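Numbers restart at 1 for each chain; the letters A, B, ... are given by sequence-line order, proteins then strands. Values in this document were obtained by computation on a predicted structure and should not be read as measured data.
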Protein chains: 2
Amino acid sequence: MSVKKSNIKDISKVTGLSVSTISRVLNGKAKQYRISEKTQEIVFKVAEELDYVPNQVARNLKLGKTKTIALIVPSLSNPFFANMAAQVSIELQKTGYITLISDSNENEEIEREELTQIVSRNVDGILISPCGNYGDHIDRVRSLGIPLVCFDRYYANLEIPYVSTDNFWGASEGARYLVEHGHKRIACIQGSKQSVPNEVRRKGFEEVMKQKGISDFTVTGSEFTVQNGYTETLLLLQKLVKPTAIFSFSNTIALGCIKALKEFDLRIPEDISLLTFDNHPYLDYLSVPLTSIAQPVNDICKIAIKLLFSLINKEELSTNQVLLRPKIILRKSVNSIS
Amino acid sequence: MSVKKSNIKDISKVTGLSVSTISRVLNGKAKQYRISEKTQEIVFKVAEELDYVPNQVARNLKLGKTKTIALIVPSLSNPFFANMAAQVSIELQKTGYITLISDSNENEEIEREELTQIVSRNVDGILISPCGNYGDHIDRVRSLGIPLVCFDRYYANLEIPYVSTDNFWGASEGARYLVEHGHKRIACIQGSKQSVPNEVRRKGFEEVMKQKGISDFTVTGSEFTVQNGYTETLLLLQKLVKPTAIFSFSNTIALGCIKALKEFDLRIPEDISLLTFDNHPYLDYLSVPLTSIAQPVNDICKIAIKLLFSLINKEELSTNQVLLRPKIILRKSVNSIS
DNA sequence: CAAAACAGAACAATCGTTTGTTCTGTTAGA
DNA sequence: TCTAACAGAACAAACGATTGTTCTGTTTTG
């Protein structure tokens with residue numbers, strides 16, 4: 001029943017040729033080492049017959065390359081990162097690479113452990129959306145000479161290449177959009193303060209509030225979760241004077257908002273407007289289609305991969321810190337008020 | 001800048017001990033090979049100092065084990081599989097395993113290639129939700145002695161262990177639920193006919209139609225996609241006599257239904273009822289919360305992993321083909337009609 | 001015709017571990 | 001005092017590939 005996998009030695013035994021010759025033929029180095037056509041044919045034929053597939057583990061040990069990229073995200077169940085993972089996996093597939101995946105569960109400790117695991121597996125490169133405040137473990141990996149690119153989340157103070165959304169611009173645009181629609185009492189519900197994108201968004205938002213001379217705004221919240229959106233919205237609704245618009249910093253937070261608003265029988269956008277970061281196919285089908293600031297997920301992935309491969313190939317990077325502008329997708333959750 | 005990773009030889013050089021001794025200490029086999037306490041201390045200390053992490057690739061080559069599990073799904077961007085992936089990744093993490101992920105993109109050819117890649121990497125086990133009609137490539141992997149478990153989708157005719165939803169029961173219950181709410185014209189929109197779950201669901205549905213003496217039903221559609229749901233719903237709405245209820249076989253299909261219904265200004269459930277397979281956090285927030293047949297994703301993952309580890313540990317399996325009952329989550333998309 | 005040149009393939013070291021076996025002292029027993 | 005027993009550690013062969021080097025004939029050249 002259990003047919004053992006065949007290896008290069010099996011081919012050697014069957015053909016009577018040495019393993020080195022076989023290896024060379026199979027790696028297309030026949031010309032270079034002047035191996036005869038006839039020998040090549042034999043090798044290919046027998047390899048085929050034996051259903052030979054090179055043992056990558058052995059190959060990797062010798063070559064120091066694994067044709068493997070690791071992807072570390074804070075939460076695979078978050079559609080945003082799931083999409084990233086899908087993209088990356090499919091993109092890497094095309095180049096013969098395979099993807100190791102790790103969900104750090106927004107836990108820096110786990111992230112550290114997984115990173116160690118991954119490094120010990122000699123991956124050729126790492127794509128990571130780190131979840132913590134400190135990047136020392138990441139920087140150590142980089143100083144080990146392992147190509148690494150951050151995406152979405154990053155460390156502004158470290159010299160680690162990253163690709164992310166221009167969150168300042170996005171948040172500014174979002175804030176302006178609200179203000180220009182007449183909103184003067186705006187509540188922002190943010191995510192994790194440990195996350196650079198969150199901080200940048202907050203700054204962008206606050207900057208516009210200042211520019212526009214709006215003082216009646218709040219920034220609350222602490223996590224990129226439905227629960228956080230729900231809780232913070234409930235708190236907002238307890239206030240005597242309610243905000244006219246909520247600016248949510250993630251799709252998950254927005255869901256929480258919707259839930260809370262529904263419980264209070266408040267309509268979007270008639271009673272309160274809602275603008276959120278992150279796009280998702282579902283947004284079109286919600287009770288009220290949400291106007292959202294769509295991050296260029298595709299481009300972020302593609303560029304992150306491109307940078308990573310540049311590092312792997314030891315090419316010079318012209319830029320290694322990239323910010324891409326998001327796009328505001330207008331739906332129906334923001335009302336014009338006078 | 002680039003500090004090289006240290007290996008067991010470096011420790012050997014620093015301590016003056018042989019690599020075998022160091023390996024034994026580090027693997028907790030000191031007692032067994034009577035290595036003195038003092039020597040152990042030295043080894044641990046130096047290993048720590050050198051920031052030593054064993055090279056898994058070398059270890060794997062020697063041991064034939066990689067502490068790696070591969071997960072192959074038809075589409076990571078489908079929330080259903082993304083959730084699976086998140087679950088699996090986190091679950092495996094706990095046992096020191098790491099997850100290789102592959103998105104076959106509903107393409108059997110890609111699935112084959114990825115499978116080859118994965119096998120060549122000596123993974124310890126494979127979890128797969130196969131996307132094709134034929135399981136020969138899967139069976140070949142199994143006959144290679146590589147532990148493999150199918151989940152969600154499987155091959156009923158092959159002796160490959162699987163864990164899935166009791167789709168017959170789920171579809172029957174769903175169908176009964178509709179009939180008992182007075183529906184007599186029911187349109188079923190199915191997904192891929194290549195998928196066993198789809199076929200089983202269809203049979204469950206048709207069985208109930210027969211039992212209940214309902215002849216005015218249809219089964220159409222061909223893909224688990226939004227587009228398919230959209231198209232098929234549009235077609236249904238062209239008919240002179242429209243169905244009173246639509247039974248969608250996936251969350252993606254349901255989204256397509258909603259889109260089409262919206263375009264026709266039809267309300268759910270007043271004008272037409274909608275029942276769907278798959279649950280998702282978003283379903284609660286849709287314009288009308290969808291009543292759904294929730295697959296026990298968590299349990300499927302846990303059991304699939306359990307089976308896989310049984311295979312890995314060469315334990316006897318009492319059962320290796322498991323079907324778990326889904327749960328109908330009542331929301332508001334199905335109307336009672338008289 | 002001897003030596004050089006070359007074609008064609010084998011040899012052997014290596015990657016970083018693990019592990020069965022062997023080696024070297026010291027201690028205990030007779 | 002001699003040997004057996006044992007503690008403590010080193011040796012060396014794998015695992016399956018890759019690759020610089022060497023080997024063996026045959027052909028070409030002067």
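Across the protein-nucleic acid pair, K4(A) atom NZ and dC15(D) atom P stand 13 Å apart, rounded to whole Å. When rounded to the nearest whole Å, the span between NZ of K31(A) and C1' of dC6(C) equals 17 Å.
In this structure, Y97(A) has its ring center closer than 6.0 angstrom to the ring center of F309(A).
For the atom pair I138(A) CD1 and I128(A) CD1, the distance stands at 3.5 Å (nearest 0.5 Å).
Sorted by first and then second residue, the side chain to side chain donor-acceptor pair (under 3.5 Å) pairs involving residues 16-31 of chain B (not counting sequence neighbours) are S18(B)-S20(B), S18(B)-T21(B), S23(B)-N27(B), N27(B)-R59(B).
Residues satisfying the side-chain contact (heavy atoms from CB on, under 4.5 Å) test with T15(A), not counting sequence neighbours, are I11(A), L17(A), I22(A), I42(A), V46(A). Residues that satisfy the side chain to side chain donor-acceptor pair (under 3.5 Å) test with K5(A), not counting sequence neighbours, are N122(B). Y155(B) is linked by a ring-ring contact (aromatic ring centres under 6.0 Å, His included) to nothing, counting only residues two or more places apart in sequence or in another chain. S129(A) meets the side chain to side chain donor-acceptor pair (under 3.5 Å) test with no other residue; sequence neighbours excluded. Partners of E113(B) according to the salt bridge (charged side-chain N to carboxylate O under 4.0 Å, His left out) rule, which considers only residues two or more places apart in sequence or in another chain, do not exist here.
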Exercise. Please step through side chain to side chain contact (heavy atoms under 4.5 Å, CB included) for the pair F224(A) and S195(A), ending with a clear verdict.
Key: CA-CA 10 Å; F224(A) 287 115; S195(A) 138; 3.8 Å; yes
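Between the side chain of Q40(A) and the backbone N or O of I35(A), at least one donor-acceptor pair lies under 3.5 Å. Between the side chain of S104(A) and the main chain of E111(A), no donor-acceptor pair closer than 3.5 Å is present. Listed for the N78(A) side chain is a donor-acceptor partner under 3.5 Å among the backbone atoms of F80(A). Between the side chain of R142(A) and the backbone N or O of V149(A) there is no donor-acceptor pair closer than 3.5 Å.
Note on ring orientation: taking the six-membered ring where Trp is involved, the planes of Y162(B) and Y154(B) are parallel (angle under 30°, cut-offs 30° and 60°).
Heavy-atom distances under 4.0 Å link DNA chain C to G16(A), L17(A), S18(A), S20(A), T21(A), R24(A) of residues 12-27 of chain A, given in residue order. Scanning residues 59-69 of chain A for heavy-atom distances under 4.0 Å to DNA chain C yields L61(A), K62(A). Heavy-atom distances under 4.0 Å link DNA chain C to no residue of residues 114-126 of chain B.
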So which protein N/O to nucleotides 4-8 of chain D N/O distances come out below 3.5 Å?
residue, atom, partner, partner atom, Å
dA7(D), N7, R34(B), NE, 3.3
dG8(D), N7, R34(B), NE, 2.7
dG8(D), N7, R34(B), NH2, 3.3
dG8(D), O6, R34(B), NH2, 3.1

Protein-nucleotides 26-29 of chain D N/O pairs closer than 3.5 Å?
none

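What you find for E114(A) and S102(A) is that their closest heavy atoms are OE1-OG, 2.8 Å.
With contacts defined as side-chain heavy-atom distances shorter than 4.5 Å, the pair L115(B)/I126(B) qualifies.
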Quiz item: If you write DNA chain D from 5' to 3' in dot-bracket form, with Watson-Crick or G-U pairs under 3.5 Å, [ ] for crossing pairs and | for pairs with another strand, what do you get?
Solution: ||||||||||||||||||||||||||||||
